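See structure below.
Letters A, B, ... mirror the listed sequences (proteins, then strands); counts begin at 1. As the structure is a prediction and not an experimental result, all values here were calculated from the model.
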2 protein chains.
Amino acid sequence: MDRQPAELDHFRALLQGYMDKKGLRSTDQRKLIVETFFHADNHVSIEELLAQVRAHDPRVGYATVYRTLKLLAECGVANERRFGDGLTRYELADDATHHDHLICVECHSITEFEEPRIEELQEKVARKYGFELRSHKHELYGVCSSCQKKRRTGN
Amino acid sequence: MDRQPAELDHFRALLQGYMDKKGLRSTDQRKLIVETFFHADNHVSIEELLAQVRAHDPRVGYATVYRTLKLLAECGVANERRFGDGLTRYELADDATHHDHLICVECHSITEFEEPRIEELQEKVARKYGFELRSHKHELYGVCSSCQKKRRTGN
DNA sequence: CTCATTGCAAATAATTTGCATGTAA
DNA sequence: TTACATGCAAATTATTTGCAATGAG
């Protein structure tokens with residue numbers, strides 16, 4: 001996935017600020033994992049990310065990837081997401097505020113959608129309940145058009 | 001939670017139809033678990049449900065509860081939900097289509113909301129992508145008004 | 001130097017499964 | 001009587017943690 005460098009710099013700064021504040025250290029593994037995450041497809045699982053990381057350095061352990069992604073989630077750079085397949089997936093925090101997901105219950109494909117009017121209504125709901133909105137998940141589950149097609153032609 | 005008997009009868013029939021079709025049997029445990037689920041609070045976890053079931057029959061195993069709830073999800077009577085606390089929770093399928101959730105990230109309280117205009121837009125999105133909509137999750141995460149209050153008064 | 005970080009393996013936690021026994025139809 | 005269902009314990013899966021060794025600041 002190609003991202004704008006400026007967008008990534010924002011997240012690099014956010015992470016750096018958090019690490020400085022907490023006295024955390026910048027190691028080779030951490031840098032590698034973070035940059036790999038920044039350039040990976042959206043909704044990567046730990047497993048997928050680990051594979052990509054190991055392509056550069058086979059000695060990285062999976063616990064380190066778990067720990068690093070947890071760090072990214074903590075400091076607001078990444079969001080954890082769970083779409084019914086039992087795996088935790090991660091996406092850049094910024095992306096999350098601008099799109100939601102259609103998830104196929106048959107082939108597990110994930111399609112993103114944007115609907116500003118839903119976001120507006122969402123904010124209205126939050127206001128009505130005196131709720132300070134931080135983030136949201138909006139997932140539509142169903143059968144994607146290509147699986148419907150497969151079904152009609154007898155799989 | 002008090003429900004309308006008619007609403008529950010609909011689900012009993014749905015389950016029965018599914019069981020007949022598949023040649024599944026109606027056992028005491030299954031009946032007990034299903035009825036306990038029907039009368040439990042919304043968003044019960046397996047653990048909570050098992051405790052309530054065991055109040056009536058202490059010999060029920062947890063595997064049976066897992067299997068039964070999976071059956072309910074399969075036949076469209078219940079929906080599985082995961083709200084970031086690591087537990088799978090279940091709710092009556094019908095309820096799920098009519099409300100969504102505000103989740104407090106501080107006290108973990110869950111508030112339900114309804115917004116038909118969001119549902120309409122959701123269907124519109126699904127149609128646009130040729131998606132056959134089955135269910136959805138819409139969760140707003142943030143700080144509830146009572147936690148905001150606590151925060152202002154210094155916890 | 002000091003203390004955070006790493007990699008490994010072992011520990012957890014939630015859920016699933018194998019199997020002998022029980023039981024609905 | 002025939003398989004489906006149950007309860008238990010063991011297996012699986014994803015994730016977390018303890019710890020000795022490593023390395024950043």
ask   = Please give, in whole Å, the distance from C:dG7 C1' to A:Q29 CD?
value = 9 Å

ask   = Is the number of heavy atoms from other residues, nucleotides or ligands under 6.0 Å of A:E47 CD greater than 12?
value = no

ask   = Would you say B:H56 has more than 12 foreign heavy atoms packed within less than 6.0 Å of its NE2?
value = no

ask   = Between the side chains of A:Y141 and A:E139, is a donor N or O closer than 3.5 angstrom to an acceptor N or O?
value = yes

message = Parallel, tilted or perpendicular, judged at 30° and 60°: which one describes the rings of A:F11 and A:F38?
response = tilted

side-chain contact (heavy atoms from CB on, under 4.5 Å) between A:R30 and A:L71, worked out = CA-CA 10 Å; A:R30 220 167 244 180; A:L71 169 64; 3.9 Å; yes

task = Using whole Å, report how far CZ of A:R25 lies from P of C:dC3.
result = 9 Å

ask   = How close or far is atom C1' of C:dA25 from atom NZ of B:K31, stated in whole angstroms?
value = 12 Å

request  = Starting from P on C:dT5, measure out to CZ on A:R67 and report it in whole angstrom.
outcome  = 10 Å

request  = Starting at atom CD of B:E74, determine the distance to atom P of C:dT16, rounded to an integer number of angstrom.
outcome  = 11 Å

note = With sugar-phosphate taken as primed atoms, P, OP1 and OP2 and all else as base, the protein-contact string of nucleotides 10-16 of chain D at under 4.0 Å (heavy atoms; B, S, -) is B---SBB

message = Nearest whole Å is fine: how far is D:dG23 P from A:D28 CG?
response = 9 Å

ask   = Quick one: B:R59 CZ to D:dA5 C1', roughly how many Å, whole number?
value = 14 Å

